[in-house]
Amino acid sequence: MREHNSYALPVFYSDLMVADSGSISPSAAKPKAVVRSWIERALHIELYEPEPVTPAQLSLAHDPEFVRQILACERDNGFGNRSAAVAAALPYTTGAMLSGARHALKHRCAVAAPCSGFHHAEYDQEQGFCTLNGLMVTALVLEAEGLAKRVGIIDCDYHYGNGTNGIAHRLQKFDLVSHFTAGAHFRDVEDADHFMSSIEDIVWQFNDCDIILYQAGADPHVSDPYGGFLSTQQMKERDRIVFSALRRMNKPVVWNLAGGYQVERDGSIPKVLEIHDNTAIECIKAFSY
């Protein structure tokens, strides 16, 4: 039974965000499985339909011709193919992040956007299961709409967010974007204690930001084939620390799923779902009254 004061977590999700990537990565299909898991576990969530982003909005962070080619399936996406299903889902994937950010700013709250595949995408180049950089698109649209002057990106995926950093550098947007990518600093099991003792101080460095975009990646898990330095309990504690600090800072936050590649032989992802379930649980706890 839910506690009377349990926070109702807004979740921006649509089946239109979901696609078969045709690759080893589960990320394009993961949103549906994640939301289903949250519903089955009776987590206190409220579903909202995301508004898809437009090519013009995507082009604030990307070369317009690159955007056109990707959406028209004229060049490979981040999964190394030209899937029409992936192309159709992309505006809704980034749209979930942007819609969630607008909601978080309006209501001064925490919001979940169960999407992935952002931080490796460069200005005019897809890579690493990432096609379009929804983090930078969101930041730049918020700036264009006058909703934010300073956007914090706390990237706790296992991998370095090279695309986010590259776009911010190319467009000279470090006055807008404050960016931390854990993958540049923490890689090995020996780094786990240092990471856990540092993460709260790292979050507080974003106190001058109007909103936080948090990549709650599942791939830092010690058993992830593309990651490997935190236990399940440490990852849950990571999220508790992040959300508790943001709540004390009174910062709006929209968070996404980012990486997670523990796929079973039958294609299911129960270990990844457990990590994402824990993130949602810790967010709800932190923002409950």
For the residue pair [X] and [Y], confirm or rule out a side-chain donor-acceptor distance under 3.5 Å.
| X | Y | answer |
| --- | --- | --- |
| Ser23 | Ser21 | yes |
| Ser6 | His44 | yes |
| Ser83 | Asn81 | no |

Is the shortest heavy-atom distance from the side chain of [X] to the side chain of [Y] under 4.5 Å?
| X | Y | answer |
| --- | --- | --- |
| Trp204 | Arg248 | yes |
| Ser223 | Lys271 | no |
| Phe180 | His185 | yes |
| Phe118 | Thr94 | yes |
| Glu143 | Val151 | no |
| Ile199 | Cys156 | yes |
| Phe12 | His103 | yes |
| Met235 | Thr232 | no |

Please give me the minimum heavy-atom distance between [X] and [Y], naming the atom from each residue.
| X | Y | result |
| --- | --- | --- |
| Ala286 | Arg247 | O-NH1, 3.0 Å |
| Ala61 | Leu171 | CA-CD1, 4.1 Å |
| Phe229 | Val189 | CB-N, 3.6 Å |
| His62 | Asn133 | NE2-N, 2.9 Å |
| Tyr160 | Ala184 | CD1-CB, 3.8 Å |
| Glu122 | Gly166 | OE1-CA, 3.7 Å |

In terms of the angle between their ring planes, are Phe186 and Phe195 parallel, tilted or perpendicular, with boundaries placed at 30° and 60°?
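Perpendicular.
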Sidechain-backbone polar pair: [X] side chain, [Y] backbone, donor-acceptor under 3.5 Å:
| X | Y | answer |
| --- | --- | --- |
| Ser288 | Ile284 | yes |
| Lys285 | Arg240 | no |
| Asp155 | Asp157 | yes |
| Ser99 | Glu51 | yes |
| His159 | His119 | no |
| Arg150 | Asp208 | no |
| Asp219 | Tyr158 | yes |
| Thr181 | Gly161 | yes |
| Gln172 | His169 | yes |
| Arg238 | Thr279 | no |

[X], [Y]: one ILVMFWY side-chain cluster at the under-4.5 Å cut-off?
| X | Y | result |
| --- | --- | --- |
| Val254 | Ile281 | no |
| Val111 | Trp38 | no |
| Val137 | Ile154 | no |
| Leu213 | Tyr92 | no |

Provide the full list of ring-ring contact (aromatic ring centres under 6.0 Å, His included) pairs with a residue in residues 133-155, sequence neighbours left out, each pair given once.
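Non-adjacent pairs meeting ring-ring contact (aromatic ring centres under 6.0 Å, His included): zero.
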Run the side chain to side chain contact (heavy atoms under 4.5 Å, CB included) check on Ile24 and Phe129 step by step: do they pass?
CA-CA 9 Å; Ile24 61 173; Phe129 307 137; 3.9 Å; yes
Results of side-chain hydrogen bond (donor to acceptor under 3.5 Å, both in side chains) for [X] - residues two or more places apart only:
| X | value |
| --- | --- |
| Arg36 | none |
| Arg68 | Glu65, Glu74 |
| Gln262 | His221 |

Could I get the full list of side-chain contact (heavy atoms from CB on, under 4.5 Å) partners for Pro91, not counting sequence neighbours?
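With sequence neighbours excluded, Pro91 shows a side-chain contact (heavy atoms from CB on, under 4.5 Å) to Pro52, Val53, Leu71, given in chain and number order.
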Residue list, ring pair (Phe, Tyr, Trp, His ring centres under 6.0 Å) with Phe287, at least two apart or on another chain:
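Expected list: Tyr7.
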Please determine whether side chain to side chain contact (heavy atoms under 4.5 Å, CB included) holds for the pair Met249 and Val203, giving the CA-CA distance in whole Å, both sets of side-chain angles, and the decisive distance to 0.1 Å.
CA-CA 9 Å; Met249 294 160 65; Val203 174; 3.9 Å; yes
Between Asp15 and Lys32, is a side chain to side chain contact (heavy atoms under 4.5 Å, CB included) present by the stated rule, with each step listed?
CA-CA 7 Å; Asp15 286 345; Lys32 188 170 186 175; 4.3 Å; yes
